[in-house]
Amino acid sequence: MRLIYLFLLFILIACSSDSNKGFDNLEEIKKDFISNILTESTLDEGPFQMNYHLRAILFADNVVSLMGDIFVYDHLPHGWIRYEGKTYVKTNGSFKEITLNDLFPQPSQKEFLRSYCETFLKQNGDCNYFQPPDPLRDHLDQGLIKVFVVDHESLILVFQPYAVGGFADGPFTVKIPFTTLIGKWQAGNPLEMHLPITKNFLSSWDSENWISDVQEDHSIAYQKDK
């Protein structure tokens with residue numbers, strides 16, 4: 001049974017090889033999409049589409065975090081999707097992008113992050129690659145932990161399709177509260193310097209249940225009902 005799952009996983013990854021394309025050149029991805037539907041796609045495989053979506057997960061005075069996704073469908077058996085995260089913190093009066101290495105530069109810190117994610121994924125019943133009785137994975141590779149965003153209270157790791165679970169079941173995420181990271185990540189890192197985020201922010205990881213606080217002459221703390 002495990003060999004069958006591994007074989008199917010190999011096929012799915014091979015079919016989605018286009019998902020290795022990055023976000024750096026959306027124009028190139030668009031050209032490839034148009035070229036494919038003009039030269040390789042057939043009528044009974046449509047309708048074809050390419051969508052790019054970018055939204056602010058956190059917008060605050062000193063921290064802005066954005067999550068993007070791109071979906072391309074230009075032929076059978078299915079399309080491909082990729083996720084990206086961009087987080088900026090204000091440093092010396094201007095915003096600069098930060099990376100996971102800025103937050104977890106030391107090997108022991110990276111291992112904490114890897115171990116935390118692995119434990120969560122093994123305990124999360126939705127993450128089928130790690131589930132008994134015959135899991136496809138029993139170890140989380142550090143190299144799979146790349147994409148992240150933040151909201152006003154957590155670091156959010158986002159895994160690409162087929163990294164820890166199936167294409168249709170994602171995105172798979174791990175949320176780590178900032179309070180849990182005290183003493184675990186680099187002390188005084190560029191993000192930690194701006195924590196806690198308690199005023200003048202809009203936080204919308206859950207776009208249907210966003211939270212905002214605006215400090216002007218008065219405070220507004222509002223949570224939208226679903």
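For the single chain, residues carry numbers from 1 onward in sequence order. Since we're looking at a predicted model, the values are computed, not measured.
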Where do [X] and [Y] come nearest, in terms of heavy atoms and distance?
{"X": "Leu100", "Y": "Lys146", "answer": "CD1-O, 3.9 Å"}
{"X": "Lys175", "Y": "Tyr116", "answer": "O-OH, 3.9 Å"}
{"X": "Gln186", "Y": "Asn189", "answer": "O-ND2, 2.7 Å"}
{"X": "Met50", "Y": "Val72", "answer": "CG-CG2, 3.9 Å"}
{"X": "His53", "Y": "Arg55", "answer": "CE1-CD, 3.8 Å"}
{"X": "Asp151", "Y": "Phe178", "answer": "O-CE1, 3.5 Å"}

When you compare the side chain of [Y] with that of [X], does any pair of heavy atoms fall below 4.5 Å?
{"X": "Phe148", "Y": "Val158", "result": "no"}
{"X": "Leu113", "Y": "Ile176", "result": "yes"}
{"X": "Tyr52", "Y": "Asp69", "result": "no"}
{"X": "Ile156", "Y": "Val150", "result": "no"}
{"X": "Pro161", "Y": "Tyr83", "result": "yes"}
{"X": "Arg137", "Y": "Leu144", "result": "yes"}
{"X": "Val89", "Y": "Thr91", "result": "yes"}
{"X": "Trp185", "Y": "Asp102", "result": "no"}

Linked, directly or transitively: [X] and [Y] (ILVMFWY side chains, under 4.5 Å):
{"X": "Ile182", "Y": "Phe104", "result": "no"}
{"X": "Ile34", "Y": "Trp80", "result": "yes"}
{"X": "Leu76", "Y": "Ile37", "result": "yes"}

First locate atom [atom1] of [X], then atom [atom2] of [Y], and finally report the distance between them rounded to the nearest 0.5 Å.
{"X": "Leu140", "Y": "Tyr129", "atom1": "CG", "atom2": "OH", "result": "13.5 Å"}
{"X": "Ser154", "Y": "Ile57", "atom1": "OG", "atom2": "CD1", "result": "12.0 Å"}
{"X": "Ile70", "Y": "Leu54", "atom1": "CD1", "atom2": "CG", "result": "11.5 Å"}
{"X": "Phe172", "Y": "Tyr162", "atom1": "CZ", "atom2": "OH", "result": "11.0 Å"}
{"X": "Glu27", "Y": "Asp32", "atom1": "CD", "atom2": "CG", "result": "10.5 Å"}
{"X": "Cys117", "Y": "Leu157", "atom1": "SG", "atom2": "CG", "result": "4.0 Å"}

Under the side chain to side chain contact (heavy atoms under 4.5 Å, CB included) criterion, do Asp213 and Thr198 qualify, and how do the steps go?
-> CA-CA 8 Å; Asp213 183 276; Thr198 58; over 6 Å; no
Does [X] use its side chain to pair, donor to acceptor, with the backbone of [Y] at less than 3.5 Å?
{"X": "His194", "Y": "Lys90", "result": "yes"}
{"X": "Glu45", "Y": "Thr42", "result": "yes"}
{"X": "Gln131", "Y": "Asn124", "result": "yes"}
{"X": "Ser35", "Y": "Lys31", "result": "no"}

Might you confirm whether atom CG of Asp44 has over 12 heavy atoms from other residues, nucleotides or ligands at distances under 6.0 Å?
->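 Correct, the count exceeds 12.
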Heavy atoms from other residues, nucleotides or ligands near CZ of Phe59 exceed 12 (cutoff 6.0 Å) |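 At most 12 heavy atoms, drawn from other residues, nucleotides or ligands, come within 6.0 Å of this atom.
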Sequence neighbours left out, what passes salt bridge (charged side-chain N to carboxylate O under 4.0 Å, His left out) with Lys199? Give chain and number order.
->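 None.
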Answer yes or no: is there an ion pair linking Arg114 with Glu111, defined by an N-O contact shorter than 4.0 Å?
->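 Judged by the 4.0 Å cut-off on N to carboxylate O distance, Arg114 and Glu111 do form a salt bridge.
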Name the orientation class of the two ring planes belonging to Phe201 and His152 (parallel below 30°, tilted from 30 to 60°, perpendicular beyond 60°).
->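 Aromatic pair Phe201/His152 classed parallel.
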Using the side chain to side chain contact (heavy atoms under 4.5 Å, CB included) rule, take Leu66 and Val149 through it: C-alpha gap first, then chi angles, then the decisive distance, then the call.
-> CA-CA 7 Å; Leu66 309 168; Val149 293; over 6 Å; no
Would Leu136 and Phe130 count as a side chain to side chain contact (heavy atoms under 4.5 Å, CB included) if you check the C-alpha gap in whole Å, the side-chain angles of each, and the deciding distance to 0.1 Å?
-> CA-CA 6 Å; Leu136 289 175; Phe130 285 89; over 6 Å; no
Could you pull out all residues at least two apart from Tyr73 that satisfy ring pair (Phe, Tyr, Trp, His ring centres under 6.0 Å)?
->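 Tyr73 satisfies ring pair (Phe, Tyr, Trp, His ring centres under 6.0 Å) with Phe48 only.
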Can you list the residues that meet the ring pair (Phe, Tyr, Trp, His ring centres under 6.0 Å) rule with Tyr88, with sequence neighbours excluded?
->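 In terms of ring pair (Phe, Tyr, Trp, His ring centres under 6.0 Å), with neighbours along the sequence ignored, Tyr88 is linked to no residue.
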Test applied, side-chain hydrogen bond (donor to acceptor under 3.5 Å, both in side chains); reference residue, Asn101; option that passes from Gln109, Gln106, Lys110 |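 The side-chain hydrogen bond (donor to acceptor under 3.5 Å, both in side chains) with Asn101 is passed solely by Lys110 among Gln109, Gln106, Lys110.
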Going through the distances and angles, do Phe95 and Val64 end up as a side chain to side chain contact (heavy atoms under 4.5 Å, CB included)?
-> CA-CA 9 Å; Phe95 281 101; Val64 174; 4.1 Å; yes
